[in-house]
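Down below is the structure, laid out as structure tokens.
Residue numbering restarts at 1 for every chain, and letters A, B, ... go by the order of the sequence lines.
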Amino acid sequence: MARLRRALLAWYRRERRDLPWRRTDDPYRIWLSETMLQQTRVDTVIPYYERFLERFPSVDALACADEQDVLKEWAGLGYYARARNLKRAAEQIVRDHGSRVPSEASALEGLPGVGRYTSGAVRSIAFGEHAPIVDGNVKRVLARLTAEAELGDAENWDLAEALVPPSRPRGRPDQFNQALMELGATVCTPRSPRCTDCPVRSLCRAAERGTPEAFPRPARRASPREVEALGAIVSRRGRLLLTRRPSKGMLGGLWEVPCVGGDSLSGLVAEIERRTGLRTRDPRPVGSVRHAFTHRALTLRVVSLQPEPGRLRRASRDAARFCSSAEVADLPLSVLMRKTLALAGR
DNA sequence: AATACGGGGAG
DNA sequence: CTCCCAGTATT
């Protein structure tokens with residue numbers, strides 16, 4: 001175990017990538033990076049991380065922000081509950097922890113969107129505490145080191161706990177945890193691991209057997225279900241009708257052209273009237289958009305509709321409005337909706 | 001224990 | 001195309 005720590009730390013000191021969140025010790029920035037990195041690759045995160053911090057440089061700035069503005073910075077990154085939780089957590093930190101990101105596991109895990117992984121990452125990386133972390137990379141590295149096809153959650157966490165060094169300044173749990181993940185991300189990859197470059201190859205049971213890729217046993221997942229939806233381009237004097245999705249559920253809080261599941265035009269027209277009070281007519285086909293979600297494959301058929309004269313219901317302004325192109329650019333939109341607007345020539 | 005929740009990059 | 005990523009919340 002001491003050999004593993006030493007070899008991994010030496011390798012990490014040499015080979016680690018220069019990433020923005022490795023140039024700071026600000027717990028807020030570490031926390032933000034860990035949240036953005038949940039189920040999201042490093043290269044995808046970097047530009048979002050930089051822009052987000054420019055806009056919301058501190059816990060206080062985030063706590064004071066408008067949720068729509070936070071979602072706007074998050075738009076395109078996915079898993080939007082992360083952004084809504086981050087904003088709520090910032091408010092909680094201001095209220096309950098004097099605007100300082102807490103370092104106790106119980107306080108961290110009491111924040112929305114912070115689970116065992118993020119808690120451990122913030123505690124070890126930002127505060128130098130002896131806290132284990134288990135993410136997808138760590139699971140894979142541990143499965144290979146032990147040549148166990150299937151380690152349970154408890155076993156993974158126990159192993160990670162046993163490996164992580166004591167807290168700073170005696171040990172470097174921050175460097176060690178990042179090294180474990182870095183190894184999984186750059187060397188001990190899911191397919192075609194580069195064992196010849198691995199600093200702990202001599203300690204790896206899977207490499208010894210010559211079949212590192214067999215660990216862990218690949219999980220079989222259901223293929224995405226095909227779903228259909230119908231959306232409407234409704235414009236008036238160059239302004240486009242957009243509606244806001246409910247804050248719970250998929251793409252929560254983001255804006256979209258009015259949509260219904262299924263393929264019913266009358267259903268779409270009824271939905272628009274229900275949401276906005278607006279009657280529409282004269283449907284014309286615009287085209288269709290394909291978009292793949294993790295467990296759905298969506299085909300969105302798009303039609304244009306002409307609005308009859310009349311105002312939007314005033315009460316619905318937060319949930320539906322006619323937007324100029326400048327206003328559209330200022331709203332949080334999913335990638336699906338960007339594709340849809342591109343199709344409609346917006 | 002299973003499932004929902006985005007998007008994108010690698011092979 | 002398939003796989004899966006610095007996971008969390010909900011059921």
Side-chain angles (χ1 to χ4, degrees), chain A residues 12 16-17 19-22 29-49 71 74-86 88-89 108-126 131-141 150 152-154 156-157 160 174 176-186 188-194 213 216-225 227 245-254 256 290-298 332-339:
Chain A
Y12 183 66
R16 67 183 213 158
R17 292 168 290 177
L19 304 175
W21 44 89
R22 290 182 177 163
R29 294 181 176 234
I30 307 287
W31 169 43
L32 174 67
S33 72
E34 293 300 341
T35 304
M36 287 188 162
L37 286 163
Q38 289 168 13
Q39 298 292 287
T40 311
R41 292 167 196 284
V42 164
D43 291 339
T44 304
V45 166
I46 291 174
Y48 284 89
Y49 174 81
L71 279 172
W74 208 275
L77 196 53
Y79 285 136
Y80 299 97
R82 293 183 295 176
R84 300 192 304 272
N85 286 335
L86 198 70
R88 281 203 297 139
L108 281 165
E109 286 167 39
L111 300 170
V114 179
R116 197 171 177 185
Y117 165 79
T118 304
S119 161
V122 169
R123 278 165 41 73
S124 61
I125 299 170
I133 58 173
V134 173
D135 74 337
N137 289 311
V138 174
K139 283 183 194 166
R140 187 171 54 255
V141 170
E150 225 155 329
D153 277 355
N156 274 314
W157 282 96
D174 53 338
F176 179 83
N177 281 340
Q178 292 183 87
L180 216 44
M181 293 191 288
E182 187 86 342
L183 188 71
T186 64
C188 195
T189 51
R191 283 165 297 192
S192 311
R194 302 163 38 215
E213 290 180 81
R217 194 202 318 287
R220 56 281 173 204
R221 13 177 92 59
S223 53
R225 219 188 46 195
V227 291
R245 296 179 62 88
S247 51
K248 295 223 172 224
M250 193 165 73
L251 308 175
L254 273 63
E256 64 185 7
R290 284 280 296 170
H291 189 70
F293 296 99
T294 301
H295 36 273
R296 284 180 220 182
L298 176 68
L333 299 176
S334 66
V335 170
L336 163 65
M337 215 29 65
R338 298 217 169 274
K339 289 184 191 172

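Judged by distance alone with a 3.5 Å cut-off, no donor-acceptor contact links the side chain of A:R82 to the base of B:dC5.
Nucleic acid contact class of A:Y79 (heavy atoms, under 4.0 Å, all strands): base. At the heavy-atom level, A:T35 lies nowhere under 4.0 Å from the strands shown. Nucleic acid contact class of A:W21 (heavy atoms, under 4.0 Å, all strands): base. Residue-level contact check: A:V114 touches the backbone only, with heavy atoms under 4.0 Å from sugar-phosphate atoms and none from bases. When heavy atoms are screened at a 4.0 angstrom cut-off, A:R225 is found touching no nucleic acid atom at all.
One atom, CD of A:Q38, and another, P of C:dC5, lie 14 Å apart when rounded to the nearest Å. Protein atom CG of A:D43 is 10 Å distant from nucleotide atom P of C:dA6, rounded to whole Å. Taking atom CG of residue A:L251 and atom P of nucleotide B:dC5, one finds them 9 Å apart after rounding to whole Å. Atoms CD (A:E256) and P (B:dG6) sit 12 Å apart, rounded to a whole Å.
Side-chain N/O atoms of A:Q39 include one lying less than 4.0 angstrom from OP1 or OP2 on C:dG7. At the phosphate of B:dG11, neither OP1 nor OP2 sits under 4.0 Å from any side-chain N or O atom of A:S192. Distances shorter than 4.0 Å separate none of the side-chain N or O atoms of A:H295 from OP1 or OP2 on B:dT3.
In this structure, A:R191 and A:L77 both approach DNA chain B, and ranking their closest nucleotides by distance from the 5' end singles out A:L77.
In this structure, the side-chain contact (heavy atoms from CB on, under 4.5 Å) partners of A:R140, at least two apart in sequence or on a different chain, are A:N137, A:R144, A:P190, A:P216. A:Y48 pairs by the ring pair (Phe, Tyr, Trp, His ring centres under 6.0 Å) definition with nothing, not counting sequence neighbours.
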